[in-house]
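Have a look at the structure below before the remarks.
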Amino acid sequence: MKVLVVGNGGREHAIAWKLAQSKDVEQVVCVPGNGGTALEEKCVNITPSNGNYVAIAKQEGCGMAIIGPENPLAEGLADSFWEAGIPVVGPKKTAAQLEASKDLAKQFMHTYGVQCAANETFTDEATALAYVQKHGAPIVIKADGLAAGKGVVVAMTQEEAENAVKSLMEDGAVGNAGKKLVIEEYLKGDEISILAAVSITPELAKEGKACIVPFLSARDHKRLGDGALGPNTGGMGAIAPVSDVTPLIQSQFEKNILEPTLKGMVAEGYDYRGFIFFGLMLTEDGPKCLEYNVRLGDPETQAVLPLMNFDFAAMCQAIVDGTLKDFNFEWKKGFVVAPVAVSGGYPGSYRKGMPISCNKTAFENTGAKFFAAGAMEDRRSDHSTAKDFTGLVTSGGRVLACSAYADSFDEAWKKAYDAIKLIHFDGMFYRKDIGLPGAARSN
C-alpha cells in the first residue's frame, strides 16, 4: 500500500518515518514533505499544485491518507478525501472545529462535563477589558481561531492581560483569529500532553465500536530559554512518558476528560477518525483540559512515536475501518528525550538558507534520530562536496529535533544531547534542560 502524508513539519517527518517501518507500506508520499522526509527510505516528496492533495493521492495510487496539520483539517480536507473514496486519518470539518474555535471547544467541554478551566467568550474589546479588570491576574487570554501557536497569552499581571486583549482584538496580532477571545481562569500546576487515536462515526457508535485510545503521556517545553524563561514558542523539545502521571492521574483523566469527550463526540454525531491531542494541566483537583488539538502534537509526536512497539500503519488502518477498539497497543518500556534546534532570532525574525552540517557517522553512533521541521534540501552545487554536509539548509524557525530512546531517562537525555551537539548551522540555538526539573514551568 502507498500512503499519502499531508504536511511539511517535524510531526509529518516522524509519521512518515514510522509508516515506512511497516511491511505493508510500499511507499510514503509526502506532500510537500521536507528535507528530512526526502532522506527517508520508502519516502518521496511531491509539491502540490493549488493544494490538490486528493488528485496527487489518486495519481500515485495511495490507498490511505494522513493529514498532519490543523489548517487543512479545519478547511475540510478529510471530507474531500472520503468523497473521493480514499480513507483518511483526520476528522471531518465539523469535528475539526474543536481546534479551530476555542469558544466552540469550551462550549463542548461544558456541555458534556469535561473538566476544564472556568471561562467566558468576548467579541467586544471594552467588555473583555472590563472582565480582565474585574478578575485581575494571573489570567489566560486566548484567540478563538487558529493562530499557529501565537494566540495564547498567560498574563501574570493585569497590565499584561490588558495589553494582550488590545493586541489581539484591536491591533490584529493574529488576524481574524483574535476577533473573538476566550478568557479563562489561570490554573496552577504542571502541564502535560496526551495524544490519542480516535475512531468515531454514528455507525460505529450504534455498534458499540466508537472509541478514543490514549497514547503514553508527553510533555512539551514551550518557553524559549532554559528554566522555562523567555517567550512562548511552538515547542523547544519534548519527553515521553512523563513520570508524574501516576495511575491515579491517568484514571482521573480517563474518567473526567476522555470519557466525556467520547460521549460528546458521539452525541454530536461527529465523523472523527484520526488523532486528538489533550492539553492538560495537573492541578490539585486533578487534571483539567486546557485545549483540544484535532491532530498529533508537535514536538510531542517526535517523542511518542519512537516508543510505539506496534505497526503504526496498521493502527491507522484500524482507525479508518472501525476496528481500533480491538487493536493491540504495545509500548516500549523506556523513555524518549527530544530537544529541538531552532534558528537564531526565533520566535521572532530569523534567517533562512543556513547550511546544516553534521558528522553523520558520529551522529548515528549516538543512536539518536533526527526529525526535520524547518529544513529543506540544498540544491546549491557549492555545498554538495562538503565532507560532513547533510545536504540540508534551514527553512524555518524550528529546524529539527534530535530524538533519543533508552531504557532510562538519564541515558535517553545523554544520547539526545550528545547527538544535537554534533549538528551545526549558523545561529543554531537549543535548550540545554529539556526534561529536567523546573524545565517546564507550570502555566
Next item on the list: Kindly determine whether Asp24 and Met1 satisfy side-chain contact (heavy atoms from CB on, under 4.5 Å), including the steps that lead there.
Entry: CA-CA 6 Å; Asp24 296 323; Met1 176 176 63; 5.6 Å; no
Next item on the list: Could you check His110 against Asn119 for side chain to side chain donor-acceptor pair (under 3.5 Å), going step by step and ending with a plain yes or no?
Entry: CA-CA 10 Å; His110 291 307; Asn119 65 278; 2.7 Å; yes
Check: Could you go step by step and tell me if Ile423 and Tyr430 meet the side-chain contact (heavy atoms from CB on, under 4.5 Å) rule?
Finding: CA-CA 11 Å; Ile423 295 175; Tyr430 59 93; over 6 Å; no
Next item on the list: Could you walk me through whether Ile239 and Phe409 pass side-chain contact (heavy atoms from CB on, under 4.5 Å), step by step?
Entry: CA-CA 9 Å; Ile239 61 168; Phe409 173 83; 4.0 Å; yes
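In this structure, Arg219 contributes its side chain and Ile192 its backbone to no donor-acceptor pair below 3.5 Å. For the pair Thr111 (side chain) and Gln107 (backbone), a donor-acceptor distance under 3.5 Å is present. Side chain of Lys18 to backbone of Met308: a donor-acceptor contact under 3.5 angstrom is found. Side-chain atoms of Asp433 never come within 3.5 Å of backbone atoms of Leu436 as a donor-acceptor pair (strictly under, hydrogens ignored). Distance alone, capped at 3.5 Å, is enough to place a donor-acceptor pair between the Asp144 side chain and the Lys102 backbone. Side chain of Ser343 to backbone of Gly396: a donor-acceptor contact under 3.5 angstrom is found.
Atoms CD1 and NZ, on Ile141 and Lys166 in that order, are 12.5 Å from each other to the nearest 0.5 Å. Separation of atoms CG (Leu77) and CD1 (Ile67) is listed at 4.0 Å; rounding is to 0.5 Å. If you take CZ on Phe370 and CD on Gln302, they are separated by 12.0 Å, rounding to the nearest 0.5 Å. Expressed to the nearest 0.5 Å, how far OH of Tyr272 lies from CD1 of Ile200 amounts to 8.5 Å. Within the model, atoms NE2 of His221 and CD1 of Ile434 stand 4.5 Å from one another, a figure rounded to the nearest 0.5 Å. In this structure, OH on Tyr417 lies 10.0 Å from SG on Cys402, to the nearest 0.5 angstrom.
Side-chain contact between Phe371 and Pro299 is absent, with no heavy-atom pair separated by less than 4.5 Å. By the 4.5 Å heavy-atom criterion applied to side chains, Arg398 and Asp298 are counted as neighbours. Counting only heavy atoms from C-beta outward, the side chains of Asp321 and Pro87 never approach each other to under 4.5 Å. Between Asp103 and Lys180, some side-chain heavy-atom pair lies under the 4.5 Å cut-off. Inter-residue side-chain proximity for Val88 and Val320 is flagged as unmet; no heavy-atom pair is nearer than 4.5 Å. In this structure the side chain of Val399 never reaches within 4.5 angstrom of the side chain of Met428, judged on heavy atoms. The shortest side-chain heavy-atom distance between Pro214 and Glu254 falls under the 4.5 Å cut-off. Side chains of Cys30 and Glu40 form no contact here, defined as non-hydrogen atoms less than 4.5 Å apart.
Across all their heavy atoms, Ser199 and Ala318 have their closest contact at OG-O, 4.1 Å. Heavy-atom minimum distance, Val114 versus Cys289: CG1-CB, 4.0 Å. In this structure, Ala416 and Pro339 approach most closely via the heavy-atom pair CB-CD, 3.6 Å. Considering every non-hydrogen atom in both Gly322 and Leu204, the closest pair reads CA-CD2, 3.7 Å. Taking all atoms of both residues into account, the shortest heavy-atom contact from Val304 to Ala240 is CG2-CB, 4.0 Å. Here the shortest heavy-atom pairing between Val336 and Pro306 reads CG2-CB, 4.0 Å.
With Phe275 as reference, Val89 is the one residue of Val198, Val89, Thr301 to meet the side chain to side chain contact (heavy atoms under 4.5 Å, CB included) rule. Checking Ile15, Leu296, Val6, Val28 one by one against Ile66, the side chain to side chain contact (heavy atoms under 4.5 Å, CB included) holds for a single residue, Ile15.
Counting non-hydrogen atoms of neighbouring residues, nucleotides and ligands closer than 6.0 angstrom, the CG atom of Asn176 reaches no more than 12 such neighbours.
Evaluation of the salt bridge (charged side-chain N to carboxylate O under 4.0 Å, His left out) test over residues 340-352, restricted to residues two or more places apart or in two chains, returns Arg351-Asp426. Pairs of residues two or more places apart, or lying in two chains, that qualify as salt bridge (charged side-chain N to carboxylate O under 4.0 Å, His left out) and include a residue from residues 405-423 are Lys414-Asp418. Applying the salt bridge (charged side-chain N to carboxylate O under 4.0 Å, His left out) definition to pairs two or more places apart or across chains, those involving residues 84-101 are Lys92-Asp271, Glu99-Arg295. The ring pair (Phe, Tyr, Trp, His ring centres under 6.0 Å) contacts involving residues 344-364 comprise nothing, where partners must be two or more places apart or lie in separate chains. For residues 328-345, there are no salt bridge (charged side-chain N to carboxylate O under 4.0 Å, His left out) pairs, not counting sequence neighbours.
For Phe335, there are no ring pair (Phe, Tyr, Trp, His ring centres under 6.0 Å) partners at least two apart in sequence or on another chain. Phe253 pairs by the ring pair (Phe, Tyr, Trp, His ring centres under 6.0 Å) definition with Phe278, not counting sequence neighbours. Residues satisfying the side chain to side chain contact (heavy atoms under 4.5 Å, CB included) criterion with Asn71, sequence neighbours excluded, are Glu75, Leu146. Checked against side chain to side chain contact (heavy atoms under 4.5 Å, CB included), Asn365 has the following partners two or more places apart in sequence or in another chain: Thr361. Every ring pair (Phe, Tyr, Trp, His ring centres under 6.0 Å) that Phe329 has, sequence neighbours left out, goes to Phe310, Phe327.
Neither side chain, Glu12 nor Asn8, offers a donor N or O lying under 3.5 Å from an acceptor on the other.
Comment: Glu191 does not engage Lys222 in a salt bridge, judged by the lack of any side-chain N to carboxylate O separation of less than 4.0 angstrom.
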Table please: side-chain donor-acceptor pairs of residues 42-65 below 3.5 Å, with sequence neighbours left out.
unit_1 : atom_1 : unit_2 : atom_2 : d
Lys42  : NZ     : Ala20  : O      : 2.8
Lys42  : NZ     : Ser22  : O      : 3.0
Lys42  : NZ     : Val25  : O      : 2.7
Asn45  : OD1    : Thr37  : OG1    : 2.8
Asn45  : ND2    : Asn34  : O      : 2.9
Asn45  : ND2    : Thr37  : OG1    : 3.4
Asn52  : OD1    : Ala55  : N      : 3.2

Counting only pairs under 3.5 Å, give me each side-chain donor-acceptor contact of residues 261-270, with atom names and distances, residues two or more places apart or in other chains.
unit_1 : atom_1 : unit_2 : atom_2 : d
Thr261 : OG1    : Ile257 : O      : 2.6
Thr261 : OG1    : Tyr292 : OH     : 2.7
Glu268 : OE2    : Tyr112 : OH     : 2.6

